[in-house]
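One structure is given below, encoded as structure tokens.
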Amino acid sequence: MFVKDLGRAVVHVQVGDVNEFSPVFSSLEYSGSVLEGRVYDSILQVQATDEDCSPQYSQICNYQITTEDTPFAIDRNGNIRNTESLSFDARPQYEISVTAFDCGQKKAKRSAIVHIHVKPICKPGWRGWTKRVDYEPGIGSKQLFPKMHLETCEGAVSSVQTTVELQTSHIGKGCDRETYSEKSLQKLCGASSGSTDLLPAPSAAFNWTASLMTDGGRDSDLIYRFDGRQAANIPDWITPQNLTDQFTIATWMKHGPSPGLRGEKETLLCNSDKTVVVQAEVQLQHTVCF
């Protein structure tokens, strides 16, 4: 028996790739920052890959921002840029969602989250202080500016010199009357121009205040200190002779701590004929600062 060789045939079988894999981001979270007022060509770049074998399905052909109404755009290479200048005061941070498509238009199953921080323009100066500081008497010491710091914008500093000046913000309120002159005090309390100063600065004509202790104040408008052991004997001629049965005495007083009981008697004004002490019935208006 004879077998005749009819030859051999080579068959090439080409297996077509199926787009079975979706793009996967190398990281599901990205972070970048911009300086307010500037427009960048690229803030950061996101990147995704695809496990398919063919060039058609293994390549990433498009990226897309899925968050609506954001001032950002992304190109086909994953570079994110801002489309307008941003303001730190208006919005200091943005969070946008980004997805990817392969060349077969298969979408990534999980999107990447991009955080973009807006940095304010650095201006050298003091930070963390306020113009108003509230202090409640009796609470002891208090730090005025616990979070205060000097922003140098990474510049060199050779020396620092500061001056802190404390002022009361309400004229005529609080315990700030020691800084006013006598005329200013009369104007604040609405006293008439014919008012009489019962405790003037000591002089040859007004000598009944010469023995009184003083506590700070101005040279021309002394502040007198009373500790309960001394008094001022005001001569008769200094008081107006045309007083009626009702008159007003205005005083500016700062009350010090009392070692005795809170209900102890304090005499501010009395009239004496050297034998009998008569209580004067007057309308006494005063302001006490604790």
Side-chain angles (χ1 to χ4, degrees), residues 19 21-52 55-134 142-167 169:
N19 192 5
F21 294 103
S22 300
V24 177
F25 284 96
S26 58
S27 176
L28 291 179
E29 286 199 20
Y30 294 84
S31 181
S33 61
V34 297
L35 189 65
E36 66 174 346
R38 292 183 55 183
V39 177
Y40 292 78
D41 294 331
S42 177
I43 301 173
L44 58 90
Q45 183 182 26
V46 298
Q47 187 176 12
T49 58
D50 195 303
E51 294 185 359
D52 285 300
Q56 179 181 2
Y57 300 137
S58 64
Q59 294 182 4
I60 306 300
C61 284
N62 189 26
Y63 291 92
Q64 182 180 345
I65 295 177
T66 58
T67 306
E68 298 181 355
D69 300 327
T70 59
F72 300 96
I74 189 170
D75 62 18
R76 61 183 305 170
N77 295 320
N79 294 298
I80 297 178
R81 61 181 179 87
N82 56 323
T83 57
E84 61 185 53
S85 60
L86 306 177
S87 171
F88 174 82
D89 294 331
R91 190 169 177 178
Q93 181 175 336
Y94 291 84
E95 181 178 295
I96 60 178
S97 179
V98 176
T99 190
F101 295 87
D102 61 19
C103 294
Q105 294 304 306
K106 193 161 190 175
K107 181 180 177 180
K109 293 182 179 180
R110 298 185 65 181
S111 299
I113 303 300
V114 180
H115 303 275
I116 298 179
H117 306 272
V118 181
K119 294 184 177 181
I121 297 177
C122 185
K123 298 178 180 179
W126 292 102
R127 302 286 187 270
W129 65 278
T130 58
K131 293 183 178 180
R132 179 185 176 92
V133 177
D134 294 325
K142 178 180 180 179
Q143 292 185 0
L144 298 181
F145 313 112
K147 298 182 179 180
M148 187 174 181
H149 66 279
L150 179 61
E151 177 60 63
T152 63
C153 297
E154 300 182 356
V157 178
S158 58
S159 64
V160 176
Q161 182 178 358
T162 61
T163 301
V164 178
E165 181 179 354
L166 301 181
Q167 296 178 342
S169 58

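Not measured: the values here are computed from a predicted model.
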Within the structure provided, determine whether [X] and [Y] are in side-chain contact (heavy-atom separation under 4.5 Å).
| X | Y | value |
| --- | --- | --- |
| Leu35 | Tyr40 | yes |
| Leu86 | Arg91 | no |
| Asn82 | Ile116 | no |
| Asp41 | Arg81 | no |
| Thr162 | Leu150 | no |
| Val98 | Ser111 | no |

Might you confirm whether atom [atom1] of [X] has over 12 heavy atoms from other residues, nucleotides or ligands at distances under 6.0 Å?
| X | atom1 | answer |
| --- | --- | --- |
| Gln143 | CD | no |
| Lys147 | NZ | no |
| Gln93 | CD | yes |

| All pairs passing ring-ring contact (aromatic ring centres under 6.0 Å, His included) where residues 81-130 contributes a residue, at least two apart |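 ring-ring contact (aromatic ring centres under 6.0 Å, His included) check on residues 81-130 returns Phe72-Tyr94.
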When rounded to the nearest 0.5 angstrom, what is the spacing between [atom1] in [X] and [atom2] in [Y]?
| X | Y | atom1 | atom2 | result |
| --- | --- | --- | --- | --- |
| Cys103 | Asn62 | SG | CG | 9.5 Å |
| Ser97 | Glu68 | OG | CD | 11.5 Å |
| Ser22 | Asp50 | OG | CG | 7.0 Å |
| Ile43 | Ser31 | CD1 | OG | 11.0 Å |

| task | Apply side-chain hydrogen bond (donor to acceptor under 3.5 Å, both in side chains) to the pair Thr66 and Thr99, showing each step before the final yes or no. | result | CA-CA 7 Å; Thr66 58; Thr99 190; over 6 Å; no
Side chain [X], main chain [Y], donor-acceptor under 3.5 Å:
| X | Y | value |
| --- | --- | --- |
| Ser85 | Val39 | no |
| Gln45 | Gly78 | no |
| Glu151 | Arg127 | no |

| query | With sequence neighbours left out, what residues match Asp102 under side-chain hydrogen bond (donor to acceptor under 3.5 Å, both in side chains)? | reply |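 Partners of Asp102 under the side-chain hydrogen bond (donor to acceptor under 3.5 Å, both in side chains) test: Asn19.
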